[in-house]
Each structure stands twice: as structure tokens, then as C-alpha cells.
**Q** 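Here it is, the structure in full.
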Amino acid sequence: MATIALPVEEKKKYEQEALITGAEAIAVACKLANVDVVTAYPIRPYDTVMQYISQLKADGEMDCEYIVAEGEHSQFEIVKHASVCGARVFCGSSGVGWMYAMEALTVTPALRVPMVAMVGNRALDDPGAFGVEHNDALAVRDLGWLLNWVDSAQEALDTALIAYRVAEDPRMFVPCAISCDGAFLTHSQALVNIPTQEQVKQFLPPYKRGDLLLHPDNVISVAPQVNEDWVMEVRRQNYEVTERACGVIREVYADFERIFGRKYGNPFFEEYMTEDAEVVLLGMGTLSTPTRVAIRKMREQGKKVGFVRLRWFRPFAGVELAKCLERFKAIGVIDRDFSFGSPNLSGVVATEVRSAMYTGAATRPPVLGFICGLGGREVLVQDVEHMTDITFQAAKGKAQPLTQWIGLRG
Amino acid sequence: MNDFINSVENPVERFLRTDRMPHIWCPGCGIGTTVNCFARALIESKIDLQSLALVSGIGCTGRVAGYVKLDSFHTTHGRAIPFATGLKLANPKLNVVVYSGDGDLSAIGGNHLIHAARRNIDLKVICVNNLIYAMTGGQTAPTTPGHAITSTAPYGSYEPAFNLPHLVEAAGAVYVARWTTFHVRQLARSIAEVFQKKGFGFIEVISPCPTLYQRRNRLGDGLDTMKYYKEKSKVRHGAPTNEVGLTMTGEIIVGKFVDRDRPDYQTLMRTQLSESLGERFVESAEMVCS
């Protein structure tokens, strides 16, 4: 959990408390970040953000260009080009809407466009569902996008500001998507500390595109066809961005803490009750809430279990995570996604964790994969207890299937 | 017809998947009315239900595909027309109906709409136009009239709206009509009539969304909207479509605007290939599984 560094009285001078949803928190962050161009196309659950932003603009609280495009593809194309012209941009979508924009999403990191997008995670069709699943945002995991998952409205607001700072850092210039679990976060209200404009000004400098700015005074061609002559070198540039990414993110979180007083500790993952834990569960997004509740309950029963919540999926802080996880006797990864046909038929996160452990960990504890909470199905406390029991069995040396579906109807 | 009138059951019930009821549409919504008219048109036109397929996109109207007891497909957003095109090409004997909303057909699927009309593919499009994106919370759509308040235009929409009959006529549709959900008999008749046409037919149905459009614009409820449709609608068959654009509270020109003939896509294909290939052109009439 984020802790407040400043005394309450001191904090009040700077921040205001408001009861807002995760989607509203992102809209407020866009206002504070003084975003220039916003595009939108309605799809649940992302559409709540577009409504809040249009309200902020209509009320005169936010000064931005705002257009409801005719589809997600055009929506992402419009902001991409606005960003090339030096505008700070915001966009987003959910589920199949995000997938429909895939061509634009593909070229955005390759063109070094620091777009910030919000993904209100939603199950892909078919069959249709409005509930959360992480496969939408994960679809761009190999393309150069920065990807993170937040689990509270406060973290959504803070991470949106952090995302602009990271994405627009001249060492980066790549897009960043903030994933908010549909309904559980996008539509749930919580008390959020809203920083002042002054603080944000101090934290987030204006977006400067330098030599890459498309402007009559700076004659450049954007996205020329280069064929085999240069494609590999262009890809290498994106690769080098990912080499630098962890360092930049660490710097930005340190600065965030200095200016806003909220501490996030390790930017890449958060540990909960892991100090003396024998086994841990690991997951992303709002499944952290039932997991924490279950862990507190199991702790009362004497079970030494902890939880690691992954915040940044891209870059994946593999070495650090492996060093963290090597001390436990077994790890249970909860995937709110699927990766059909993957090694061990596990979810995306479990596969990545195993890969990181193989090269980065001194020990080789079992890494179990659990597929749970798809299509908006709730991850229940009893599900977490069940997964913990299985993980304990593995810790005792009793072999367990590497992938199990939890909460599946019979 | 008499059999139906005398029957105890509602005559349209046999076209509905009653196990899927209650439906998702709000009180006062017009989509259910259009389904009723559609079912009555099926009765009137005595169309063979085995040769009928209904395709819809995403949105409130998109849900029609799930409620009718017909071969139906709920496609991806905006893609009802490409899907229907595939159906028609694979099995030209099918009567293919596209039943979707204004957002699905003219925004995200707008390109398909104009190209299907240009090719004159033999599809019948029923476009329920409630003037906004209703399912997602009432955002401005390409059909939203100027000044109307939406969730993305709290102080009024300022984008010019599509005049859909004008658009599809210009693109090449052979049959274009517009009715409101007040004009139930005319609508049913129009749907029955479009089945008789070969080529791309388009029927726009103006429909209320009391939850999101009428409420935000203080236009009353579903009943008030019916009164508005009754008072402000003018039947003008053959009206030039450039004169039938909609405003928020003004006149609604309804009627059959276009009824013309031109060769449909498959006829053109046959003609061209016969000309070029002569005897070598052999039509594979049975290429489809029946």
C-alpha cells in the first residue's frame, strides 16, 4: 500500500481529497497534466473516462482539443499524429476496441510517440462480456509499449502522471498504457488525494519533442518506408529504450515521492506480508483486494503466505523480481488472462515469471500458474485460499499441475 | 393473416426467442417496436424463414440478433455489413438482413455501409437511429443533431450530422426509406417491400432513447417522443434526400425516398465475366452447402 509521507495537516495544504472512481482519477490526471489533445470512442468500461474528460472540458476546468472519433482505429491515429506535432495526448479503450486499434498501436512505439493510454481491461469477444480480463492490454506486450497495472484510484491518478513523465523522457519517447480493471477499478469510488497544479508543474515538465518535432521550421519525414535497409536498426532503437526503461522509471518514482510525498517503494512490484512468508501468490490489478483479505485471514490461522503485486509488466523487472522470489518455497501466479498453447499452457504472467526465475534466481522453487477471474468473474477469498493451499502442497514437495483453472463451474 | 389474428398467441411470438426475455431495452425504447414491425413484415411477405439470415453489429440494436428465432449472427462492432456480404456471396439464395444501429452502421462501420451501397450488394439494411451511442452511455454519434446534449457534449453537440438517406442514396442504394417508431404500419410495409427489391435497400427508423437522448435534452419520455413523431413527421414520398436532414426538434421527413433499379453486384459480376470469358465462364451455382 502507498503510504503518506507528510503529516496530515501539512498534506491538506497541498492536496484535496475527493471521492472518485478509477476512471475519474485518470481524467483528473489528464487535467493536471494539461493534456492538449484527447480522442475517444465509446466502449465499456473505458467510456467513463471520456465522459469525465468531456465534463471537465465543458466546465472550463480543462483546456484541450477533444473529439469523439468514428472508431478506435481513427481515435488512436488522431492522437498519434497530434503527438508528433508536439501535443501531449491521451487516449484509451477496452477489450476489442483496443484490438481494433491494433495497427495504430503497433506503429506508435516504432514512431517513438509518447502517448499515454488507459486500458479499461475487458474480456475479448467472443463470447461477449463486459468484465475484466487482461488479454486486451497484453496484446501489445511485445511491441515496445510500456505497460502497467494499477489497483486503486489513487494509484491510477499517480501512475498517469508518472506515465507522462516516463513516456516523454527524451531517453524513452515510447507510449505507455495504464491498465485499470474494468468495473472493479474503473467504476468503483474511493477517496483520492488530488495533488495541486503547482506540484504537478514541478513534477512534469512540458513535452518537448526536440528534433523529432513535425513542424514547418523542422523539416522531417515521419514514418518513411525503409525496407530491409533500416528496419533492424529501428527495432534496435526500441530495444535500447527497454534497456533504459527500468532506470528511468526508478528515477521518476523517486522524484514523485520527493514532490508529492506518496511512497510507492519498489516501482515495479509491491510486496504484502512477504517478510516471513514461506509461499507467495503473485498477480496484477484489483485481484489484490481479495488476495490481501484472504492472506490476513490465513495469517490468523498461522499460514505464512504473502503476496507480490506486479505493477509494471513492461518493462518486466525480471532480475529484481527473481531475486525477490527466490527466497520462497513456492510461488503461485494468478493470471487474469490466458495464453493458449503456451509452455505448460500457463497464463502470460506465470510464463514470464518462470522465464525470469530461470535466469535470475539462485533457487528453483515451483512456480504454479492459476487462471482465475476471467471475463469479470470475481476472484473470491475462498479461491485465494484454495490457490494458497495448492501452493503450500507444492512447497512441501508434492508435485502439482503447473496450470490450474480456479473458480471454474463444473 | 387471419390465422394469426384468430390465434391466441401473439402473432409475432413465433419469431422471438422468448426464453431470452426480458430483453435489455429500456422502457420507452423504440427498438422492440421495430422488431415487432419486422416480424409483421415477415408474415406479410410470406418469406421463407429457412432462407432468411439476420446479421447485427454491436449496440442496443445489435441485440436484436439474439432475440429473433431466425438464423442470426451478432458480429463485431461495425462489421455487420461485411459479414452479411460474405453470407450473400457464399449463398446467393439467402435473404440477408442487416439489423443494426446508427453508431454501428454509420460510425465505426461507415466505410462498409457506403461500399456495400456502391457495389449494390443484395442486402436489406434496417438502421435503427436513436441519434446517439446508447449502449455505452449516450455519447455524440455521427447522427447526433446539432445542439443536442450528450454525455460527451454537455453544452451541445456542434459536429454536423450525417443525413443517412442522402448518404446511402449518393453511394448507390436502390431503395431508401425512413420511418419513425410511430409509423408502425408504414414501417412494416416498407420492410415487406424492400424484400421485393434486388440490391442494396436501406430503411432508417428514427427511434427514441428516453434514457439517454430524450432525458438529457429534456424532450420528455417515450410517449412524448411518440407525440413529437406524430406531430412533426411529414410523409413525403420521393423527397430529394438532401432535404431530409434531421434537427433536434424540427420536422421529420419520412417516406420512401428512393426506389430505382440498377444491376446488383452478382449480376454485374456475371455479366462482366461472361463478356470476358465467354463460354469458359461457368457459374458454380452449387458452390455452397445448402
Side-chain angles (χ1 to χ4, degrees), chain A residues 21 23-24 27 38-62 64-78 92-102 104 120 122-130 182-183 186-187, chain B residues 20 24 56-60 62-63 65-66 73-80 82-83 101-114 130-144 147-162 167 209 212 216:
Chain A
T21 64
E24 246 173 320
V38 179
T39 56
Y41 186 78
I43 182 167
R44 270 190 272 182
Y46 149 80
D47 53 6
T48 43
V49 184
M50 61 188 277
Q51 274 151 241
Y52 292 129
I53 291 180
S54 59
Q55 191 66 52
L56 288 171
K57 178 173 155 65
D59 290 345
E61 286 190 44
M62 186 173 173
C64 66
E65 297 301 324
Y66 180 92
I67 191 161
V68 181
E70 65 276 17
E72 286 88 357
H73 189 278
S74 350
Q75 177 196 349
F76 279 88
E77 284 290 337
I78 293 168
S93 196
S94 288
V96 289
W98 178 255
M99 302 302 273
Y100 179 47
M102 188 54 93
R122 168 175 169 175
L124 299 175
D125 292 348
D126 282 315
F130 297 119
T186 54
H187 288 62
Chain B
R20 301 277 295 160
I24 62 152
S56 65
I58 299 294
C60 292
R63 294 299 181 93
F73 205 106
H74 187 219
T75 67
T76 45
H77 198 14
R79 314 306 142 195
F83 185 88
D102 52 309
D104 186 74
L105 284 168
S106 76
I108 197 163
N111 209 24
H112 307 307
L113 179 71
I114 55 174
N130 55 17
L131 312 174
I132 40 149
Y133 294 106
M135 181 168 271
T136 47
Q139 294 86 359
T140 295
T143 45
T144 307
H147 316 297
I149 289 167
T150 71
S151 65
T152 52
Y155 291 99
S157 183
Y158 44 82
E159 287 186 23
F162 266 142
L167 178 72
C209 176
L212 293 164
R216 279 212 176 91

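Lettering follows sequence order; numbering is per chain, from 1. Treat the numbers as computed from the prediction; the structure is a model and nothing was measured.
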**Q** Give a yes or no on whether the backbone of Pro154(B) and the side-chain of Ser54(A) come within a donor-acceptor separation of less than 3.5 Å.
**A**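 A pair under 3.5 Å: no.
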**Q** Could you tell me the separation between the OG1 atom of Thr140(B) and the CD1 atom of Ile67(A), rounded to the nearest 0.5 Å?
**A**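 Thr140(B) atom OG1 to Ile67(A) atom CD1 measures 10.5 Å (nearest 0.5 Å).
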**Q** Take the angle between the ring planes of Tyr41(A) and His77(B) and call it parallel below 30°, perpendicular above 60°, tilted in between.
**A**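 Answer is tilted, since the angle falls between 30° and 60°.
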**Q** Atom CD1 of Ile108(B) and atom OH of Tyr100(A): how far apart are they, to the nearest 0.5 Å?
**A**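 Going from CD1 on Ile108(B) over to OH on Tyr100(A), the span is 5.0 Å.
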**Q** Which atoms of Tyr46(A) are under 4.5 Å from chain B, going by heavy atoms: the side chain, the backbone, both sets, or neither?
**A**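 Contact with chain B: none, neither part.
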**Q** Can you tell me how far apart OG1 (Thr136(B)) and CE (Met50(A)) are? Round to the nearest 0.5 Å.
**A**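 Going from the OG1 atom of Thr136(B) to the CE atom of Met50(A) covers 7.0 Å.
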**Q** What's the spacing between Ile58(B) CD1 and Ile43(A) CD1 if we round to 0.5 Å?
**A**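 Here the rounded value is 8.5 Å.
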**Q** Determine the minimum heavy-atom distance between Ala58(A) and Tyr155(B), stating which atoms define it.
**A**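 Distance-wise, the nearest heavy atoms are O-CE1, 3.0 Å.
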**Q** Please classify the contact between Ala40(A) and chain B as side chain, backbone, both or neither, with a heavy-atom cut-off of under 4.5 Å.
**A**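 Neither part.
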**Q** Between OG1 of Thr152(B) and CD1 of Ile53(A), what distance do you get to the nearest 0.5 Å?
**A**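 If we round to the nearest 0.5 Å, Thr152(B):OG1 and Ile53(A):CD1 are 11.5 Å apart.
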**Q** Considering residues, nucleotides and ligands other than Tyr52(A), do more than 12 of their heavy atoms fall under 6.0 Å from its OH?
**A**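 Yes, because the 6.0 Å sphere around OH of Tyr52(A) holds more than 12 heavy atoms from other groups.
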**Q** Which heavy atom of Val68(A) sits nearest a heavy atom of Glu159(B), and at what distance?
**A**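 So the two residues come closest at O-OE2, 4.2 Å.
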